[in-house]
Amino acid sequence: MVQLLTVTLGIAQFLALSSCLPAGEQERRAILLEAPLAPTTTFERIATTSQTASTTIPATTGTVITSVTSASTSGNPVNTTAVETSGIGTITTASTTLSPSVSAPSAATASNIFVTVASDAPPSQISSRSDHPVVPSGIVNQTSPVGTNKFYANFFLGDQASGTWTHPYSMTWQKGGGVSGSWGLGISHIERSQLAYPAGTPPLEYFAAPIGIESIIFSAEELGSTTSLTTDTLTAFSGNVNLATTAGRDPLISFPLVQGMGFVTSVYSGATPWLQSTVFFSTLTYVGPVSDGGVYKWRLVLADQSNWLIYATPTGATGAPTFNLQNTSVITGPSGFTGTIQVAKNPANTTGEDAYDAAAGVYATGASITGQVDGTSGSYTLAYNKAGHSSGNTTLLMWALPHHIDSFDSATSGSVISSLQLVTTTKGMATAVSTDQFTLVENNLPSEIGFAPWNASTGQNINTLSSTAAQAIVSAGTVELAEDMVAQTDLNSMYYSGKALAKFAQIVYAVNTLAGDKSGAATSGLQNLESAYSTFVSNTQQFPLAYDTVWKGSLSTASYGGSDPNCGADFGNTCYNDHHFHYGYFVYAAALIAYLDPSWLTVNNGANKAWVNMLVRDYANGADDGYFPFSRNFDWYHGHSWAHGILETGDGKDEESSSEDSLSLYGMKMWGQVIGDPNMEARGNLELAVQARSLSNYFLYEDGNTIEPPNFVGNRVSGILFENKIDHTTYFGNAPEYIEAIHMIPLVPSSAYTRKATFVQQEWNQYFSNGRVDSTDGGWRGILYANLALIDPVTSFNWFNDPSFNASYLDGGASRTWYLAYSAGLGGSS
Ligand SMILES: *[C@@H]1O[C@H](CO)[C@@H](O)[C@H](O)[C@H]1NC(C)=O
Ligand SMILES: *[C@@H]1O[C@H](CO)[C@@H](O)[C@H](O)[C@H]1NC(C)=O
Ligand SMILES: *[C@@H]1O[C@H](CO)[C@@H](O)[C@H](O)[C@H]1NC(C)=O
Ligand SMILES: *[C@@H]1O[C@H](CO)[C@@H](O)[C@H](O)[C@H]1NC(C)=O
Ligand SMILES: *[C@@H]1O[C@H](CO)[C@@H](O)[C@H](O)[C@H]1NC(C)=O
Ligand SMILES: *[C@@H]1O[C@H](CO)[C@@H](O)[C@H](O)[C@H]1NC(C)=O
Ligand SMILES: *[C@@H]1O[C@H](CO)[C@@H](O)[C@H](O)[C@H]1NC(C)=O
């Protein structure tokens, strides 16, 4: 779940800034005429090679955002309102039994998993709207749909001055503010020693990287108060940021931003470069040309003793441009400079310098992804486009995250420069790789996982249950299928509605298929479920969906019309929060319905299938199809999804519920299977494999996790993972069951795959063993006992099968029926 983090609220000054520059020094001249550099200019070589600033100013300490709460309401995702269970009369007996379409899970094979789901317009009942409450700022020349949940979104949201994390660096438009008063783009790299923690003994509730520590700021003398920031060419892995002296002018400096880019590269077009710093410059030393010439190198030492390298590559000019260290906060370059300036932090002395030298002058401009799956094996390749000096011959330097290193193929592994590492804010150590592409391999895809409970130690779906379990399932299912499905599913929230639909689909499946009941309860339950589902396909629910032509997506209309500008309704669905969570439940429910009743796919000219495909296209598209972006939520660089949509956020994108992220992928895999789309099914299988790897590193911490800070990993789960901090909390409260179990719900067959038994056991022992589970809150208790089935299915089954079982321990998305089937399938009832 994501709620809305507002930047302006809750920013705590962590430490007072230890120095500030007088305001007068922050003035900039705005030179409106941009003089292009004559192609034949030769720069004068500087006479002195080493320049030292006269005084040293203590470095900026930055600010830390300690809050995750927001001005808008944040709901508890578990609805424990007691449900009416007396409506037995709603069941109509039917004589036929259900005939599922697929008898056993397939193992999809696909040579290209990145294809569109469909490319036609969204279904006609989904009307288009162009009045989205959030208006994009400064997006230009963009033809493909914008990635609303991608890393660069702060650049086109709000005041455009919150950060973007490419890892290990982050960059933030200074917008005339901060210690520097600069109008340029600040580059930050935060060491572990700079992280902020609350007081106390470990495990500590959060760690957060300070904001506002700009080691180097790329600016230009010409930039002033009329500076305009635009973005263009926004894709899944990259985007360009441009600074112009005035709105509408051609960019003076452009920044090609790519996740994992080795250098931070600025492309100047006839500007007078100014490099600034809030850490402050100590010495600048000109070293000389690199390799075959054309690229010139400087060493820069900052007041915090960090070592940086600067590489300048002039175009249309020869010789090294002159850079002068004016004082501790400004380095000036030549006027009319055209070419690139790149910076890199060097923690590794000559080893690092050699690696950087070999890659200097070229830079990544974007990436394309390809992937294939064959049964339980799959691989994907991020191939980087590049530009710059002799780019055809120079290999890129890229940064890999820990889960990349662990899954590189042998060729990519051979290009890893293990001696050059920089820590990231929230993803452990980044390691340099000399390569133009990452190829990553997964050999344990969950291809065989179907709808039935799946045992991770045997790798089997459990389709046959004991007669004790079958009777319990039928008994509970008969009661639960008699509940008022319409009242529970036609809600003012896509999130709660989807959960309830998925719950009833699980119940029908458990009663019919796992318990083998032929009494008709399942058949009539399915009829009621199809009827309840049709409210959404016909778009007649309380807040219908619309197709948003501004950002290009299918969203809830709950926050349209000006009454809810911060998108507080329905967890921010209208502002692209949580689409994978919300729609994942609908897709999973649809997969179960279509499995039980194949005709559901073709009735009404395939209206059900087209509507569900629209949801998949919205959150998990295999490629940009013109109406929806590629992979809105899942981030193929990070290996998990981002839930946060188009509201500016000081700590970057975030995600709270790793398990609902998993459901969104599992649901898509199963939907792909029942509709016979092997590309979609295979993509879901590979995504689950990548995600399981990523979760083990960054979200679910077993003993011995060395990725995240030692003071934090004892929490077991991340809590909310942002780009810039991790906070062991939730948006709706701090009870341990909330924080831990939001990474458990919903319990589905793939939970045994993404939540390893070792982890589940350690988490249980730490938080819920020795009876502590029995003092947890309402519906959370049922979730905990269902999760217990992953390690102790007998206790789990017995708890749900107790004759005095109390339904107030069931979340609105959970049923006693499914939990009985789940725990029995994992061995709870032999
Ligand atoms: C640093 O140099 C720049 C450029 O010459 C100048 O504008 C600024 O006032 C100087 N700052 C200090 C503290 O001297
Ligand atoms: C957008 O495209 C126009 C026309 O091709 C071009 O002049 C302009 O520089 C582009 N803007 C950016 C920010 O790339
Ligand atoms: C960096 O390497 C050089 C050459 O090997 C060596 O002389 C110097 O002491 C090293 N500096 C540090 C800080 O390790
Ligand atoms: C690559 O190097 C070769 C040989 O030095 C040179 O002829 C060619 O122009 C270079 N290619 C590029 C794109 O710079
Ligand atoms: C919680 O569930 C009850 C019963 O199904 C329903 O009436 C209520 O609207 C739900 N609350 C929310 C916030 O969805
Ligand atoms: C079920 O549990 C709730 C909450 O603890 C309690 O209020 C209620 O009385 C219980 N119902 C029964 C039948 O025990
Ligand atoms: C899975 O199967 C194994 C072997 O039959 C069994 O020991 C185990 O209890 C089952 N359940 C789980 C959750 O591993």
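Atoms considered below: every heavy atom in the structure, side chains included; atoms not considered: hydrogens, waters and symmetry mates. Here the structure is a predicted model, which is why all the values come from computation and not from measurement.
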**OP:** Give a yes or no on whether the backbone of Val441 and the side-chain of Ser379 come within a donor-acceptor separation of less than 3.5 Å.
**Re:** no

Subject >> Pair Glu442 + Arg693: basic N to acidic O under 4.0 Å >> reply: yes

**OP:** Evaluate the criterion ring pair (Phe, Tyr, Trp, His ring centres under 6.0 Å) for residue pair His403 and His638; output intermediate values, then yes/no.
**Re:** CA-CA 8 Å; His403 78 283; His638 284 278; 7.8 Å; no

Original post:
Hey, what do you get for CZ (Arg755) to OG (Ser696), rounding to the nearest 0.5 Å?
Top reply: 10.5 Å

Original post:
For the atom pair OG1 (Thr370) and OH (Tyr380), what is the distance rounded to the nearest 0.5 Å?
Top reply: 11.5 Å

**OP:** If the plane angle is over 60° it's perpendicular, under 30° parallel, otherwise tilted; pick one for Trp818 and Tyr509.
**Re:** tilted

Original post:
Are any of the side-chain heavy atoms of Lys653 and Lys150 separated by less than 4.5 Å?
Top reply: no

Original post:
Yes or no on side chain to side chain donor-acceptor pair (under 3.5 Å) for Tyr496 and Gln488, after CA distance, side-chain angles and deciding distance?
Top reply: CA-CA 8 Å; Tyr496 291 117; Gln488 286 192 45; over 6 Å; no

**OP:** Report yes or no: does Ser823 contribute a side-chain atom to a donor-acceptor pair with the main-chain N or O of Tyr819 at less than 3.5 Å?
**Re:** yes

**OP:** Determine the minimum heavy-atom distance between Gly260 and Tyr637, stating which atoms define it.
**Re:** CA-OH, 3.3 Å

**OP:** Tell me, please, which residues at least two apart from Pro629 pass side chain to side chain contact (heavy atoms under 4.5 Å, CB included).
**Re:** Pro145, Arg632

Subject >> Residue pair Asp635, Gln259: steps toward the side chain to side chain contact (heavy atoms under 4.5 Å, CB included) verdict >> reply: CA-CA 10 Å; Asp635 182 322; Gln259 287 175 309; 2.9 Å; yes

Subject >> Thr574 side chain to Ser556 backbone, donor-acceptor under 3.5 Å >> reply: yes

Subject >> Distance-only donor-acceptor check, side chains His640 and Asp661, under 3.5 Å >> reply: no

**OP:** Evaluate the side-chain proximity of Tyr595 to Thr513: yes if any heavy-atom separation is below 4.5 Å, no if none is.
**Re:** yes

**OP:** Supply the atom-to-atom distance Asn149 CG to Phe634 CZ, rounded to the nearest 0.5 angstrom.
**Re:** 13.5 Å

Original post:
Do Asn528 and Phe504 come within less than 4.5 Å of each other through their side chains, counting heavy atoms only?
Top reply: no

Original post:
How far apart are the C-alpha atoms of Ser238 and Thr235, what are their side-chain angles, what is the distance that settles it, and do they pass the side chain to side chain donor-acceptor pair (under 3.5 Å) test?
Top reply: CA-CA 5 Å; Ser238 63; Thr235 73; 2.8 Å; yes

**OP:** Measure across Asp517 and Gly520 and return the closest heavy-atom pair with its distance rounded to 0.1 Å.
**Re:** OD2-N, 4.2 Å

**OP:** For Ala121 and Arg617, work out which heavy atoms get closest and say how close.
**Re:** O-NH1, 4.4 Å

Original post:
Would Leu529 and Ile593 satisfy side chain to side chain contact (heavy atoms under 4.5 Å, CB included), going step by step from the backbone distance to the final call?
Top reply: CA-CA 8 Å; Leu529 176 59; Ile593 293 171; 3.7 Å; yes

Original post:
Taking all non-hydrogen atoms of both residues, which atom of Arg683 and which atom of Val117 are closest, and how far apart?
Top reply: NH2-CG2, 3.9 Å

**OP:** Mind running side chain to side chain contact (heavy atoms under 4.5 Å, CB included) on Ile462 and Gln460 for me, showing each step along the way?
**Re:** CA-CA 6 Å; Ile462 311 301; Gln460 303 278 307; 4.2 Å; yes

Subject >> Leu688 side chain near Leu445 side chain, heavy-atom distance below 4.5 Å >> reply: no

Subject >> Any donor-acceptor pair under 3.5 Å from Thr439 side chain to Thr381 backbone >> reply: no

Original post:
When you measure from the side chain of Gln691 to the backbone N and O of Thr754, does any donor-acceptor pair fall under 3.5 Å?
Top reply: no

**OP:** Look up atom CZ in Phe759 and atom CD1 in Ile791, then write down how far apart they are to the nearest 0.5 Å.
**Re:** 10.5 Å

Subject >> Closest non-hydrogen atom pair between Ala521 and Leu481, with its separation >> reply: O-CD1, 3.6 Å

**OP:** For the pair Trp551 and Phe628, evaluate ring pair (Phe, Tyr, Trp, His ring centres under 6.0 Å) and give the outcome as yes or no after the intermediate values.
**Re:** CA-CA 9 Å; Trp551 298 95; Phe628 299 94; over 10 Å; no

Subject >> Check: Tyr152 ring centre within less than 6.0 Å of Trp165 ring centre >> reply: no

Original post:
Within the side chain of Thr435, is there an N or O that forms a donor-acceptor pair under 3.5 Å with the backbone of Phe438?
Top reply: no

**OP:** Enter the distance from Phe699:CZ to Thr426:OG1 here, rounded to the nearest 0.5 Å.
**Re:** 8.5 Å

**OP:** Decide ring pair (Phe, Tyr, Trp, His ring centres under 6.0 Å) for Tyr619 and His582; before the verdict, give the C-alpha distance in whole Å, the side-chain angles of both, and the deciding distance to 0.1 Å.
**Re:** CA-CA 10 Å; Tyr619 79 81; His582 296 193; over 10 Å; no

Original post:
Under 4.5 Å between any side-chain heavy atoms of Ser718 and Tyr698, yes or no?
Top reply: no

Subject >> Step-by-step side chain to side chain donor-acceptor pair (under 3.5 Å) determination, His167 to Glu723 >> reply: CA-CA 9 Å; His167 298 288; Glu723 296 259 38; 2.6 Å; yes

Original post:
Once the angle between the rings of His579 and Tyr576 is folded into 0 to 90°, is it parallel (under 30°), tilted (30 to 60°) or perpendicular (over 60°)?
Top reply: tilted

Original post:
Ion pair present between Asp677 and Lys669, side-chain N to carboxylate O less than 4.0 angstrom?
Top reply: no

**OP:** Calculate, to the nearest 0.5 Å, the distance between atoms NZ and OG1 belonging to Lys499 and Thr489 respectively.
**Re:** 14.5 Å

**OP:** Give a yes or no on whether the backbone of Tyr753 and the side-chain of Ser750 come within a donor-acceptor separation of less than 3.5 Å.
**Re:** no

**OP:** Would you check if the side chain of Asp409 reaches a backbone N or O of Thr412 as a donor-acceptor pair within less than 3.5 Å?
**Re:** yes

Listing, residues 605-614 side-chain donor-acceptor contacts under 3.5 Å, not counting sequence neighbours, or none:
{"from": "Asn608", "atom 1": "ND2", "to": "Trp600", "atom 2": "O", "distance (Å)": "2.9"}
{"from": "Trp611", "atom 1": "NE1", "to": "Phe536", "atom 2": "O", "distance (Å)": "3.4"}
{"from": "Asn613", "atom 1": "OD1", "to": "Trp671", "atom 2": "NE1", "distance (Å)": "2.9"}

Subject >> Parallel, tilted or perpendicular: rings of Phe630 and Phe237 (30°, 60°) >> reply: tilted

Subject >> Result of checking Ile473, Leu526, Leu596, Val474 against Asn512 for side chain to side chain contact (heavy atoms under 4.5 Å, CB included) >> reply: Leu596

Subject >> Check: Thr431 and Trp399 side chains under 4.5 Å, non-hydrogen atoms >> reply: no

Original post:
Has the side chain of Tyr583 got a donor or acceptor atom that lies under 3.5 Å from a matching backbone atom of Asp578?
Top reply: no

Subject >> Electrostatic pair Lys386-Asp436, nearest N-O below 4.0 angstrom >> reply: yes

Original post:
If you look at every heavy atom in Tyr822 and Ala752, which pair is closest and at what distance?
Top reply: OH-N, 4.2 Å

Original post:
Is the side chain of Thr817 donor-acceptor paired with the backbone N or O of Gly477 at a distance under 3.5 Å, no angle test?
Top reply: yes

**OP:** Run the numbers on Phe581 and Phe571 for side chain to side chain contact (heavy atoms under 4.5 Å, CB included), then give the verdict.
**Re:** CA-CA 10 Å; Phe581 298 159; Phe571 303 98; over 6 Å; no

**OP:** Using the side chain to side chain donor-acceptor pair (under 3.5 Å) rule, take Thr540 and Ser538 through it: C-alpha gap first, then chi angles, then the decisive distance, then the call.
**Re:** CA-CA 6 Å; Thr540 52; Ser538 63; 2.9 Å; yes

